[in-house]
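The block underneath contains the structure these notes are about, expressed in structure tokens.
Read the numbers this way: they start at 1 and go in the same order the structure lists the ligands and their atoms.
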Amino acid sequence: MTTPPPGSSRDELEALTLSLQDAGVALLVGTALDFAGVNRSKGVPVRRLASFHQTGAGASPSWVVFCIDNGIAFTSTIGVTGDLRLRLDASQVRQIDAGLAWGPTDYYNQDGTISSHCARGRLRAMIAAAEARGLTPLMGTELEFTLTTASGDRLPKTSWSAYGMKAVTAHRAFLVDLTDTLEKAGLEAEQIHAEYGTDQFEVSLAPASPVDMADTQVLARILIGIVAARHDMAASFSPLPWADGSGNGAHLHLSLDRDGTPLFAGGDGPHGITAEGGAAIGGILHALPELLGLYAGSVISAQRLKPGAWSGASACWGLENREAALRFLAATPGNPHGANVELKIVDPSANIYIAAAALLGSALHGIESELPLPREIVDNPADDPDHAKFALAFDQPTILDALEASTLAVQILGADIHEGVLAVRRHEQHTFDGVSPEDIAHAVRFAWS
Ligand code: GLU
Ligand code: MG
């Protein structure tokens with residue numbers, strides 16, 4: 001169940017190559033996320049763009065199961081032999097810095113078929129499955145990160161004020177450069193702001209087709225890293241950079257419409273939710289315990305999911321409820337993108353293509369199964385008399401066991417990706433067994449940078 005990426009004609013590839021060369025680009029880098037959410041890359045001199053797109057650059061199959069500590073989590077289908085082709089999606093290529101261009105890649109087999117380990121291809125297939133049912137999905141993402149010194153320590157102490165102007169003035173050179181760099185790369189940031197946690201910022205990205213959204217988030221991380229380094233800092237995308245600090249989320253927004261009619265507005269349900277929209281919400285929440293390993297499955301993810309941290313640590317939904325895993329945003333004049341749901345529980349250790357496929361796949365499953373809309377939680381879920389019913393287990397062994405047993409995850413991702421994700425996360429589980437939370441936070445602080 002994979003659909004090929006859009007091809008580019010010979011003329012388009014030639015024109016793109018020439019325009020990049022004219023702009024002084026020397027190196028063209030193609031990237032792909034592994035199953036642990038780490039971005040891996042291969043580069044070519046820009047004159048080889050067409051070949052990077054058409055035949056691809058070679059990569060060992062183990063690329064998809066590299067781990068956050070660079071261990072390799074071999075699976076029943078990934079060993080030391082074989083070769084994959086990383087093929088550049090030329091439609092997304094753009095210059096991102098002096099002399100440097102970037103584009104996302106897909107994993108192909110040498111025979112020209114797309115690999116069953118290609119997460120980006122799997123997300124495309126999930127979009128095609130939605131479209132086959134007459135549904136169009138849009139997704140947006142909010143990417144949080146924490147600035148550190150260039151050597152990875154906390155920045156010198158200032159009196160941080162959450163969402164404060166003081167944070168902006170203190171870091172204005174970085175923020176202006178970041179805004180300019182994102183704009184020049186054609187990346188549609190909706191907001192750039194200081195977050196709650198000390199030295200924490202957020203870039204929110206405009207809604208787009210899910211693969212475009214995921215590509216954009218990958219590029220945003222690269223650019224945030226480049227700009228941070230230009231200002232003698234580094235950026236951590238760890239779900240919890242310091243064990244006693246604030247967590248970084250990578251929230252995913254989803255809207256669905258059928259022939260231009262939204263599923264989350266204009267209906268008879270609460271806040272205008274339609275029956276299909278309610279079933280989609282039911283599907284996402286019903287599958288949350290078994291898919292949590294795809295959203296927040298790293299060795300440090302559970303440490304972020306504390307009540308009161310606005311990380312959505314309860315398997316429930318509610319209008320503008322920031323403690324619910326699924327925050328509902330109604331269609332109002334104050335919400336120009338229309339009604340949508342925000343899965344807050346996702347963190348930046350997730351492979352965003354896999355997380356997006358899981359979110360969309362579970363919504364579709366809810367629609368197909370005509371699941372009911374669960375009861376809305378209108379206040380803090382921790383204070384609800386039924387809280388025990390939607391409290392989630394977060395610890396890595398438990399969520400990996402649930403993921404392992406999930407037939408829905410296999411249906412959404414295919415057996416090879418399912419097995420691969422479990423292998424890299426089990427590697428983390430065993431590697432860090434018995435290590436203190438502080439030492440884990442330190443060890444993985446820049447794993448996803
Ligand atoms: N930093 C919070 C998290 O871990 C989210 C804060 C917010 O934007 O609501 O997801
Ligand atoms: Mg935020």
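Put simply, E202 gets within reach of the Mg ion (ligand 2), with an N, O or S atom under 2.8 Å from it.
Every N/O-N/O distance between S311 and ligand 1 stays at or above 3.5 Å. Where the criterion is an N or O separation shorter than 3.5 Å, residue side chain and backbone included, N248 fails it with respect to ligand 1. Between A309 and ligand 1, not a single N/O pair is under 3.5 Å apart. Below 3.5 Å of separation, one finds no N or O of E142 facing any N or O of ligand 1.
S255 approaches N340 most closely through the heavy-atom pair CB-CB, 3.9 Å. The two residues L359 and S362 have their closest heavy-atom pair at O-OG, 3.1 Å.
Of the charged side-chain nitrogens involved, none lies within less than 4.0 Å of a carboxylate oxygen, so that D106 and R87 do not count as a salt-bridged pair. Taking a cutoff of 4.0 Å between a charged side-chain nitrogen and a carboxylate oxygen, E404 and R426 qualify as a salt bridge.
Side-chain N/O atoms of S236 and N248 include no donor and acceptor closer than 3.5 Å.
Protein heavy atom at the shortest distance from atom 2 (C) of ligand 1 is E144 OE1, 3.4 Å.
In this comparison of R304, Q200, H193, the heavy atom closest to atom 10 (O) of ligand 1 sits on R304.
In this structure, the ring of F201 has its center less than 6.0 angstrom from the ring center of H171.
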